[in-house]
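Worksheet: one structure, shown below.
Numbered from 1 within each chain, the chains take letters A, B, ... in sequence-line order.
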There are 2 protein chains.
Amino acid sequence: METSMLDPEEKSKADSRERIIHTTTGLFLEKGFAGTSMSTIAKACDMTKASLYYHFSGKEDLFIACVTHGYATALNALTVIVADTSLTAEQKLRAAITALYETTITSPVGRMSPLIAEVSRAFPKVALSFHTEYIEPQREALWQIVEDGVAKGVFAPVDQNQFFHIAFGPIVTLSLSREMFATFDDLDTYFPVDALRVGHTDVLLGMLRPGT
Amino acid sequence: METSMLDPEEKSKADSRERIIHTTTGLFLEKGFAGTSMSTIAKACDMTKASLYYHFSGKEDLFIACVTHGYATALNALTVIVADTSLTAEQKLRAAITALYETTITSPVGRMSPLIAEVSRAFPKVALSFHTEYIEPQREALWQIVEDGVAKGVFAPVDQNQFFHIAFGPIVTLSLSREMFATFDDLDTYFPVDALRVGHTDVLLGMLRPGT
DNA sequence: GTCTATATCCTGATAGAC
DNA sequence: GTCTATCAGGATATAGAC
């Protein structure tokens, strides 16, 4: 019925949704899940609570939307690197690690990891979605780079779980630490991201170095 | 006044405090800070809310008590290892890493890191105390082992921040992941702590191996 | 699709008896 | 030191007009 009018309405509705998600993500990152009330969200979105409930069925639904929204963007950089045939295995690994630092520390979905831990017991399906739709694809992309290098003989084979442990562990902890100590005035000198990333990459390449 | 009666009263008061702290720590770990109400705490302690407020000035005070309570215990294992003159530098490092896994993953204060991140913006002094009283002593203990080994020529010198990044990163992330995915039924096969610890220790010793 | 107004419940915290 | 009783406020969520 009146399909000609449906498109612009749908578009404006989708725009509102996206605007709400964007604003709310910032609030969640700043104050945590439980620390952010629907009233606060409504005010920040220049709306009333009732309008929020028109777009989202509840606070949990809104949170899931915020988390899920960033998946594709954050994963995109990684998939592009894996598919780039002009790079050597080592170049791919270096680029992938750089991308992981970038997304984990600066992208909303990466910075939201502690929040997901916060709500994971109340909403197990949030943790599950985070795992299957975000963590696993990251691991698979990184592992594909490693396996390609091994197949070409430029990387030594490594245990998958142990490699992931050393590859992702420092990055996630760095992100968590920076969130936890966000009030420190000398955050960047205390956590010098670029220097840590370079040293970390060397360690990973050391694990993969053939010989001995 | 009536000093002879004061001791048992003080003792029972201290016992109550400790019992409350112990019970509440479990609740915070299970449901997060904001997810745990004073009513819930009171019920779990077989008390009324009013009695809780006799022992603690408020929810924040109680939380700080829970976090602070575990510092000494968790740090103790590490200081014992550092002081043990019968061990070689490599043995000390192995023992220290094992102790770090143990305390970070199983001790309340270690498992509470995500909670501290949750409340750090609302209560910056909690994050500050965590840093100066728990994180820094851990780093200092580990660094003393490294420096001793370097002085004796069995370890190669390394950059402090980069070493900490690789040493603590995987452990903290492992703890966070296990909290986040606590609902998984195959938690120990997905995060095989002992195997990851062994591989991690090898990586750290590789960073410290003298000669190129 | 956004509003005003309201329902219902739970929160942290306190007063005062015992 | 623990209780009963209660407060004032804020939480999520909904009803219904426009």
**Asked** Atom CG of A:Asp15 and atom C1' of C:dT2: how far apart are they, to the nearest Å?
**Response** 16 Å

**Prompt:** Expressed in angstrom and rounded to an integer, what is the separation of A:Ile20 atom CD1 from C:dG1 atom P?
**Reply:** 11 Å

**Request:** Determine: side-chain N/O of B:Tyr53 to OP1/OP2 of C:dA13, distance under 4.0 Å, yes or no.
**Result:** yes

**Whichever of B:Lys49 and B:Asp46 has its nearest DNA chain D nucleotide further upstream toward 5'** = B:Asp46

**Complete:** When rounded to whole Å, the CE to P distance for the pair B:Met38 and D:dT2 reads 14 Å

**Prompt:** Are A:Arg121 and B:Glu30 within salt-bridge range, i.e. N to O under 4.0 Å?
**Reply:** no

**Gap between atoms NZ and P, on B:Lys31 and C:dT11 respectively (whole Å)** = 10 Å

**Prompt:** Once you round it to whole Å, what is the distance between P of D:dA11 and CD of A:Glu60?
**Reply:** 19 Å

**Item:** Touch class at under 4.0 angstrom, heavy-atom based, for A:Ser37 against every strand present
**Value:** sugar-phosphate

**Prompt:** Atom CG of A:Leu62 and atom P of D:dA11: how far apart are they, to the nearest Å?
**Reply:** 15 Å

**Message:** Looking only at the side chain of B:Ser39 (C-beta and beyond, no hydrogens), which of the listed nucleotides C:dT11, C:dG1, D:dT12 gets closest?
**Reply:** C:dT11

**Message:** In this structure, how many angstroms lie between the P atom of C:dT2 and the NZ atom of A:Lys43, rounded?
**Reply:** 18 Å

**Item:** Comparing B:Ala50 and A:Ala34 on DNA chain D - which has the more 5′ nearest nucleotide
**Value:** B:Ala50

**Request:** Show your reasoning for whether side-chain contact (heavy atoms from CB on, under 4.5 Å) applies to B:Phe184 and A:His131.
**Result:** CA-CA 11 Å; B:Phe184 284 18; A:His131 183 262; 4.0 Å; yes

**Asked** When you measure from the centre of the six-membered ring of B:Tyr53, is the NZ or CZ of B:Lys59 under 6.0 Å away and within 45° of the axis?
**Response** no

**Request:** Choose from C:dA13, D:dT2, C:dT2 the nucleotide whose nearest atom is closest to any side-chain atom of B:Lys59.
**Result:** C:dA13

**Message:** Looking at D:dG1, I'd like to know if its phosphate oxygens (OP1 or OP2) sit under 4.0 Å from a side-chain N or O belonging to B:Lys13.
**Reply:** no

**Request:** For C:dG1, take OP1 and OP2 only and decide whether either is under 4.0 Å from a side-chain N or O of A:Ser51.
**Result:** no

**Request:** Establish, yes or no, whether a centroid distance under 6.0 Å links the rings of A:Phe63 and A:Phe28.
**Result:** yes

**Request:** For B:Thr40, report the nucleic acid contact type (base, sugar-phosphate, nothing); a contact means any heavy atom under 4.0 Å.
**Result:** nothing

**Message:** Please determine whether a side-chain nitrogen or oxygen atom of B:Thr48 lies at a distance below 4.0 Å from atom OP1 or OP2 of D:dT2.
**Reply:** no

**Prompt:** Is the centre of the B:Phe123 ring less than 6.0 Å from the centre of the B:Phe130 ring?
**Reply:** no

**Message:** What is the separation between atom OH on B:Tyr54 and atom C1' on C:dA15, rounded to the nearest whole Å?
**Reply:** 16 Å

